[in-house]
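As structure tokens, the structure follows; a few thoughts come after it.
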Amino acid sequence: MRQYAEKLGRATVSGLEELGYALSLFVESFYWIFFGYRRGQSVSIAATFKQMMQVGVAAIPISAALSFAVGIMLAIQGIHTLKAFGAESQVVVGIALSVTREFAPLIIGILIAGRSGSAIAARVGTMQVSQEIDALQVIGISPVRYLVAPALLAMMVMVPTLTFFADIVGMLGGAFFSVLELNISMEAYVDRTIKALTVDDILQGIWKSIVFAIIIAVVGFINGFSVTGGAEGVGKATTRSVVQAISLIIVADMAFTFYLNH
Amino acid sequence: MTTTKKISSEPVIEVQDLVAHYGSREVLHGINLSIHDGEIMVIMGGSGSGKSTVLRHMLGLNTPSSGAVKLLGQDITRITSKEIDILRRNIGVSFQGGALFNSMTVGENIILPLREHTQLDEKTMQIMCRMKLELVSLAGFEDLMPAQLSGGMVKRAALARAIIMDPKLLFFDEPSAGLDPVVSAELDELILRIRQAMKTTIVVVTHELDSTFRIADRITVLDEGNVLMVGTVDEVRNSKNKRIMDLLGRRVREIKIDAEEYLNRLTGEQVRETG
Ligand SMILES: Nc1ncnc2c1ncn2[C@@H]1O[C@H](COP(=O)(O)OP(=O)(O)OP(=O)(O)O)[C@@H](O)[C@H]1O
Ligand SMILES: [Mg+2]
């Protein structure tokens with residue numbers, strides 16, 4: 001029992017330590033983004049763009065495919081459920097709201113956590129093992145400025161952008177199925193979608209996605225920086241970062257949804 | 001290389017009463033060291049004696065539990081991160097595995113410190129890069145990726161990056177690790193040449209005896225987190241200290257066996273008592 005309590009205590013302390021570390025990484029990144037130039041150490045725009053390409057642009061095809069599929073899935077379920085009440089045509093509203101408020105940010109968050117969060121952890125972990133991080137530091141280059149800030153910035157721009165893109169493609173997927181199934185015209189579908197949606201619905205998803213972006217980047221870097229023990233350590237850190245990021249995204253999503261709708 | 005160098009007045013590197021822990025375990029128990037301008041100091045010791053840990057503290061990569069580390073007159077345990085960044089422009093480090101950035105070419109690696117810390121134009125930086133590559137006999141290799149180099153070439157490229165800013169202090173971690181004796185001897189020559197050309201103060205961490213005796217002006221012998229001895233090559237060679245003789249391989253280390261402690265270790269008693 002005492003052992004168990006001790007374990008729990010230690011886990012809590014290390015959890016809190018990690019949270020503190022996460023916060024300090026985030027704050028320090030923004031310090032460099034805003035004040036780096038004062039110390040002659042600006043965050044590289046080229047590096048940020050490179051990250052944006054990797055995180056965002058390269059993920060467009062897979063994002064499109066996934067959100068289109070989710071749109072279709074929502075349409076099938078929606079029509080099936082609403083049929084019982086003879087209210088199939090209401091599916092348009094259901095799809096519009098659930099895609100923008102919930103599914104687009106969640107799908108993109110999970111996708112990017114798996115795709116780019118793991119890549120961050122692997123890249124930084126490898127650099128840690130080969131002492132490249134130490135080398136940066138002794139050259140006088142802050143690893144936070146050089147590695148974390150560009151990736152964090154790229155995430156915070158690209159994940160919301162992809163989410164907005166997924167909003168549109170997701171609704172298109174829903175429309176595609178509904179138009180065929182319910183015999184309504186595409187024009188009518190789009191018209192009703194626009195009537196059903198408010199800017200707030202879209203913004204709710206976008207805000208969430210910004211939070212998810214921060215989670216993915218920070219979790220990836222924390223795990224990468226804390227790698228010890230060679231290639232095996234890198235593998236563990238990569239897996240750990242994906243699991244942690246996805247778990248945190250889902251918990252944050254729930255908290256967010258609760259908070260925004262009360 | 002048996003110059004009888006005049007030891008100049010002020011030490012450029014001073015470590016005072018350095019105590020360091022990993023977790024709750026104390027691994028350095030009060031290290032004192034002073035290294036003079038233009039000197040090559042080799043820090044030697046067996047595996048686990050704390051060489052790398054001392055080096056990490058001298059580079060400001062670890063924070064000591066107590067004590068001071070002064071580089072060029074500044075105590076790096078007390079100055080701000082901004083001051084330390086400026087100080088680091090005078091310091092070059094060649095890491096054990098080279099630590100070249102794998103995503104950049106050799107040339108980009110070597111230029112990186114210049115790019116980050118100076119306003120030189122591209123052409124000038126290229127020229128400086130080629131000069132250093134020439135010095136380490138790697139001329140023409142600037143467009144290769146680090147993965148395309150052999151172990152010895154990686155070390156030399158890392159050295160070129162370490163000296164690109166013409167540092168006053170140069171740190172070298174295990175220069176001979178993983179190299180064959182011939183390549184290792186070449187690298188030693190190179191270290192001596194750099195000192196001669198640039199009057200750099202050089203600190204080398206190694207457990208290689210041959211290499212140590214070839215390059216050292218003075219040697220610091222570490223043992224289990226303590227400084228066992230500081231002296232010239234001859235002083236260390238002729239030392240009658242048992243532990244040093246062990247290290248020099250003239251005696252096989254006696255292994256003390258305390259029967260009770262041994263039994264405790266096996267049964268895990270020790271762990272439970274302290275844990
Ligand atoms: N990251 C670490 N975490 C915990 N303990 C460590 C760590 N690094 C080193 N130690 C311990 O500190 C002590 C000194 O290690 P250090 O690496 O400085 O020795 P060394 O002289 O460089 O040895 P080697 O020649 O094998 O590299 C050792 O007992 C080692 O187990
Ligand atoms: Mg070592």
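Model, not experiment: these values are computed from the prediction. Proteins come first, then strands; the chains are lettered A, B, ... in the order of their sequence lines, and each starts at number 1.
- Other residues, nucleotides and ligands place more than 12 heavy atoms under 6.0 Å from the CG atom of L8(A).
- Using a 4.5 Å heavy-atom cutoff, the side chains of M127(A) and F101(B) are in contact.
- By the 6.0 Å contact criterion, OH on Y259(A) is open, its count of non-hydrogen atoms from other residues, nucleotides or ligands being 12 or less.
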Between side-chain atoms of residues 210-237 of chain A and protein atoms elsewhere (two or more places apart, or another chain), which donor-acceptor pairs fall under 3.5 Å?
{"unit_1": "N223(A)", "atom_1": "OD1", "unit_2": "R240(A)", "atom_2": "NH1", "d": "2.5"}
{"unit_1": "N223(A)", "atom_1": "ND2", "unit_2": "V219(A)", "atom_2": "O", "d": "2.9"}
{"unit_1": "N223(A)", "atom_1": "ND2", "unit_2": "Q244(A)", "atom_2": "OE1", "d": "3.1"}
{"unit_1": "S226(A)", "atom_1": "OG", "unit_2": "I222(A)", "atom_2": "O", "d": "2.9"}
{"unit_1": "S226(A)", "atom_1": "OG", "unit_2": "N223(A)", "atom_2": "O", "d": "3.2"}

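- Looking at I86(B), there are no atoms closer than 4.5 Å to chain A (heavy atoms on both sides), in backbone or side chain.
- Contacts of S94(B) with chain A are absent, with no heavy-atom separation under 4.5 Å from either backbone or side chain.
- Using a 4.5 Å heavy-atom cut-off against chain B, the contacting residues of residues 138-170 of chain A are V138(A), I139(A), G140(A), I141(A), R145(A), Y146(A).
- Heavy atoms of L136(A) lying under 4.5 Å from chain B belong to its backbone as well as its side chain.
- Interatomic distance, E132(A) CD to N109(B) CG, rounded to the nearest 0.5 Å: 8.0 Å.
- Among L61(B), V93(B), N102(B), L59(B), the residue making the largest number of heavy-atom pairs under 4.5 Å with chain A is L61(B).
- Taking CZ from R56(B) and CD from Q131(A), the interatomic distance works out to 6.5 Å, rounded to the nearest 0.5 Å.
- Of the inter-residue distances, the one linking S42(A) atom OG with E116(B) atom CD reads 9.5 Å to the nearest 0.5 angstrom.
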